[in-house]
Number of protein chains: 2
Amino acid sequence: MARMIEKSDPLLRAQKLVGKKFDLLIIDSISSRKGRSHFNEIVKDIPTINPRILSIRLKDLERNNLITKSLVLGTPVKTEYALTDSAERLGEIISELKKWAEKHK
Amino acid sequence: MARMIEKSDPLLRAQKLVGKKFDLLIIDSISSRKGRSHFNEIVKDIPTINPRILSIRLKDLERNNLITKSLVLGTPVKTEYALTDSAERLGEIISELKKWAEKHK
DNA sequence: CGGGATCCCAGGCGATACTG
DNA sequence: CAGTATCGCCTGGGATCCCG
């Protein structure tokens, strides 16, 4: 008999993947720019984030296959963050969550 | 011209409403019991939660109109927590989030 | 432009014990 | 059964400055 303990497992997993303070905001920001953003564009969308945190979160999201990072050569070199397919699907859920939050109460 | 600053407002709002560690787990637990649960039933569903935290979270969720609390007279008296309509709608989003988390990667 | 290095801080959470 | 009382911790995040 399987353990009931695992009833909430998928949610715990979601939490580990995108549960930190700015994670959904970051994904939503990239999503709103059609799936590709530069570092400072995200900062513009989330004025309260600080570069250190953004940097940490981006790396973590990358490790977890939510975003990909690529370099755009030129002067200066730019970085470009893009959502993975999975993260784009999450983006739709985030969009529903936003609608929900706006209506709530 | 509206402030761009507010681009991520609904998400920040959602975060304040249900952004703490166990919030989604609690709502999902009640939801899985057809919208009504007792204190210790929630504890059974979320073995890692401790009574103090659950108590705090339930009060906060109640204040924010996500759950309602009522007493069921009898011996002993029981408390019953139910989801509000709004929280039930959130429950559907949580359900999608769970599916997403299971498929991811 | 896109970060890294340091230092610091609060608050959210864990553990344990107790109660109406 | 359904919580409350204490206490301590630790991690995530804020502030500031700096660099290739």
Side-chain angles (χ1 to χ4, degrees), chain A residues 5 8 11-30 33 36-64 66-83, chain B residues 5 8 11-30 33 36-64 66-83:
Chain A
I5 320 249
S8 47
L11 277 181
L12 292 177
R13 178 167 165 67
Q15 201 161 43
K16 283 181 183 170
L17 289 168
V18 293
K20 300 280 161 57
K21 184 171 181 185
F22 293 103
D23 290 345
L24 297 188
L25 265 38
I26 292 169
I27 290 169
D28 190 55
S29 162
I30 301 177
R33 292 177 185 276
R36 338 202 106 249
S37 297
H38 303 295
F39 192 92
N40 284 324
E41 289 180 333
I42 302 174
V43 173
K44 270 175 206 154
D45 287 346
I46 314 174
T48 61
I49 205 170
N50 94 44
R52 186 181 71 93
I53 302 298
L54 180 54
S55 176
I56 292 172
R57 296 286 78 227
L58 286 171
K59 272 176 196 155
D60 216 39
L61 292 172
E62 193 189 357
R63 276 193 344 159
N64 289 322
L66 287 151
I67 60 177
T68 57
K69 175 181 180 174
S70 55
L71 295 181
V72 181
L73 299 179
T75 320
V77 173
K78 289 194 170 194
T79 56
E80 188 167 84
Y81 294 96
L83 297 185
Chain B
I5 320 255
S8 46
L11 277 181
L12 292 177
R13 178 168 165 66
Q15 202 161 42
K16 283 180 184 172
L17 290 169
V18 292
K20 300 281 161 55
K21 184 172 180 184
F22 294 103
D23 291 345
L24 297 188
L25 266 37
I26 291 169
I27 290 169
D28 189 53
S29 163
I30 301 178
R33 292 177 186 276
R36 338 202 108 248
S37 297
H38 303 294
F39 193 92
N40 285 324
E41 289 180 333
I42 303 174
V43 173
K44 269 174 208 156
D45 287 347
I46 314 173
T48 61
I49 204 170
N50 90 48
R52 186 180 72 94
I53 302 297
L54 179 54
S55 176
I56 292 171
R57 293 287 80 226
L58 286 171
K59 272 175 196 158
D60 216 40
L61 292 172
E62 193 188 357
R63 275 193 347 159
N64 289 323
L66 286 152
I67 61 177
T68 58
K69 176 181 180 174
S70 55
L71 295 182
V72 180
L73 299 180
T75 318
V77 173
K78 289 192 170 197
T79 55
E80 188 167 83
Y81 294 96
L83 297 183

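Throughout, protein chains are lettered first and strands after them, A, B, ... in sequence-line order, and every chain is numbered starting at 1.
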Taking only the side-chain nitrogens and oxygens of A:K69, find out if one of them lies under 4.0 Å from OP1 or OP2 of C:dG3. yes

Distance check needed: D:dA2 P versus B:F39 CZ, whole Å only. 8 Å

Any donor-acceptor pair under 3.5 Å linking the side chain of A:D23 with the backbone of A:K20? yes

Indicate whether OP1 or OP2 belonging to C:dG3 is found under 4.0 Å from a side-chain N or O atom of A:Y81. yes

Is a salt bridge present between A:K69 and A:E62, judged by a nitrogen-to-oxygen distance below 4.0 Å? no

Can a side chain N or O of B:H38 be found less than 4.0 Å away from OP1 or OP2 on D:dA2? yes

Could you tell me how far apart B:Q15 (CD) and C:dG11 (C1') are, to the nearest whole angstrom? 15 Å

Check against side-chain contact (heavy atoms from CB on, under 4.5 Å), A:L83 and A:L66: CA-CA 6 Å; A:L83 297 185; A:L66 287 151; over 6 Å; no

Find which nucleotide of DNA chain D each of B:K59 and B:P76 is nearest to by heavy atoms, and output the residue with the more 5' nucleotide. B:P76

Side-chain N or O of A:T79 less than 4.0 angstrom from OP1 or OP2 on C:dG3? yes

Kindly say whether A:R52 contributes a backbone atom to a donor-acceptor pair with the side chain of A:N50 at under 3.5 angstrom? yes

Separation of atom CG in B:L58 from atom P in D:dG3, rounded to whole Å: 7 Å

Find the distance A:K78:NZ to C:dG2:P and express it as a whole number of Å. 6 Å

Search all heavy atoms of B:D45 against all heavy atoms of B:S29 and return the closest pair with its distance. OD2-OG, 2.7 Å

So, A:Q15 side chain and B:K21 main chain: donor-acceptor pair closer than 3.5 Å or not? yes

For the pair made of CD in A:E41 and C1' in C:dC1, what is the distance, rounded to whole Å? 12 Å

Salt-bridge criterion met for B:R57 and B:D60 (N-O under 4.0 Å): yes

Whole-Å gap separating P (C:dG12) and CG (B:L54): 16 Å

Could you encode protein contacts along nucleotides 5-20 of chain D as a string, one character per nucleotide from 5' to 3', using B for base contact, S for sugar-phosphate-only contact and - for no contact, with a heavy-atom cut-off of under 4.0 Å? BB-----SBBB-----

